[in-house]
**Q** 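The structure's right below; bear with me while I get my questions together.
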Amino acid sequence: MNPVSDIDDALEDRIRVALRDRAVTYEASASGKAAGSGARAERDWRLIIVGTAVVAAVVGLVAVLMSVSEVDKGRHSVQSEPDATSYVTRGQVLENESHGPELCLGITQESDPPQCHGLPVANWDWNGLPGISRVASTTWGFFEIHGTFNGRALVLTETPAAASPPTTDSVAFDPLCANPIALNPTLNAADWEQLTQTPSFSVPSATAIWTTGAQGPSRNRFVVNVLAPNGSGDAVTGELRAFWQGYACVVERDQPSLQELQDVQEKLPNVVGDKFLTASVDARLGLVDADVLIADAATQARVDDAFGRGLVRLRPVFVPSS
Amino acid sequence: MQGTSTDEFARFYSEQFDRMVRLAYLLVGTSSDAEELTQEALSRVQPNFERLDAPVAYARTVLFNLAKRHRSRAARRRLAEAAVARPDVVDDTSCEMWDAIAALPHRQRAVVVLRYYEDLSEAQIAAAMGCRPGTVKSLAARSLARLRRQIGEP
């Protein structure tokens, strides 16, 4: 008999029991939810497929290292002072079994039907509105909306008009250079994805990394695009090639690093205040996009003072109607 | 062809979802985060699904890395993590051990979960974590030693 082995066996048994108990605990709490995980799984894989198709079509294979909407208020329980100003916006209004008509803010899940949360819209009536879609208990459409804030909701002042869904500029997702070079042209998006999951993978001197390949002239050619600080192109190329031999563009350009942009992104909610919705880093352009309810002069001034002019691009959902 | 691929991924998703959520839960400690990470991991599997020889192992690797990033992000933001209410159904000794596991550094915790919950071999754990089997062995030894100290076993 080996006492040390017996002790280890007992410890391992306790570990197994603790993990099993905890997993059972999770199942007990999950089973209390309405749909149950089986039904949830059935629903969510469809969401992934639809979502993936939409993402692939819209943005191509956007960089793993680009942080999109990391800072997000989530369900956007917007509350602010009542405002008599009349505003106009264009966007998606959606009503489903869990909430009334809301103007979608932040991320919309492109499932079928879509799902989103946002700002409640008072006085909304779907009857007679153009361009409406319905699936089960969900109704949605894109509209131009005029209204005022009552502090918690948008109050319509005119009948909504149909609007086109937003489109994405595909040019922005062309490769960084005209003639990407590959040491091994057979490597593709899956190889890159696998590489980026490797803990040792790192290109420490790069300012930003993103991928292109689904649209534009590079169609069917997967390209890793890398920005390097001026004078460090060779060093960055060396770091990248230690891991990746597929198509790549390495271009020198001085702009804020991904880390600097992410620091700005983290601080934005406090600087912008209650009008803040989401912020996303655009490492390609070296700036942070901030979605805000209203981009008034005071907000713009606070952002410029905090981060310097031009580093944050405010994208207001509402603009005053003339 | 697309339909067949979609059907196969749907089946894969249905078969693996619950198992992966449980694994994610043991790695990060909160059920809402576990479901989000699982959803994210499976969404990353889907574009590559057709060409993967071992989609389960690939999904596990993706999940491991997402959990690692999640934990470091959470630490940076000082969010309360692993704040799981203790249910009545779990006895005190099990709770004590779980608390000790939850306090392990991410890689040690991952080795413990993959070894004692998923029953993976050292080689499989190494593949999931993207490291050498020798590293798994030393992480396992360190985590067991730490757990032994934490719960006061000799």
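None of these values were measured; they are calculated from a predicted model. Below, read A as the first sequence line, B as the second, and so on, with proteins coming before strands; counting in each chain starts at 1.
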**Q** Report yes or no: does Arg16(A) contribute a side-chain atom to a donor-acceptor pair with the main-chain N or O of Leu19(A) at less than 3.5 Å?
**A**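 Between the backbone of Leu19(A) and the side chain of Arg16(A) there is no qualifying donor-acceptor contact (under 3.5 Å).
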
**Q** Arg149(B) versus Arg146(B): any side-chain heavy-atom pair under 4.5 Å?
**A**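 Result yes, sub-4.5 Å side-chain heavy-atom pair found.
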
**Q** So, Glu40(B) side chain and Leu66(B) main chain: donor-acceptor pair closer than 3.5 Å or not?
**A**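 Side chain of Glu40(B) to backbone of Leu66(B): no pair is present.
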
**Q** Side chain, backbone, both or neither: which part of Phe12(B) has a non-hydrogen atom closer than 4.5 Å to chain A?
**A**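 The answer is neither part of Phe12(B).
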
**Q** What donor-acceptor contacts under 3.5 angstrom involve side-chain atoms of residues 184-191 of chain A, with partners at least two apart or in another chain?
**A**
unit_1: Asn184(A); atom_1: OD1; unit_2: Thr186(A); atom_2: N; d: 3.1
unit_1: Asn184(A); atom_1: OD1; unit_2: Thr186(A); atom_2: OG1; d: 2.6
unit_1: Asn188(A); atom_1: OD1; unit_2: Ala190(A); atom_2: N; d: 3.1
unit_1: Asn188(A); atom_1: OD1; unit_2: Asp191(A); atom_2: N; d: 3.3
unit_1: Asp191(A); atom_1: OD2; unit_2: Asn188(A); atom_2: N; d: 2.9

**Q** Should Leu114(B) and Leu23(B) be marked as a side-chain contact (heavy atoms from CB on, under 4.5 Å) after you check the CA-CA gap, both sets of side-chain angles, and the distance that decides it?
**A** CA-CA 8 Å; Leu114(B) 294 172; Leu23(B) 175 59; 3.9 Å; yes

**Q** Centre-to-centre under 6.0 Å for Trp192(A) and Phe201(A), is that the case here?
**A**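 Centroid separation for Trp192(A) and Phe201(A): below 6.0 Å.
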
**Q** Answer with side chain, backbone, both or neither: which region of Leu144(B) has an atom nearer than 4.5 Å to a non-hydrogen atom of chain A?
**A**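 Interface part for Leu144(B): both.
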
**Q** Just by modelled atom types, is the Gly273(A) backbone N or O under 3.5 Å from a matching donor or acceptor in the Asn270(A) side chain?
**A**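 It does not hold such a pair.
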
**Q** Who in residues 133-141 of chain B is close to chain A, using a strict under-4.5 Å heavy-atom cut-off?
**A**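 Listed by number, there are no contacting residues, so the answer is none.
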
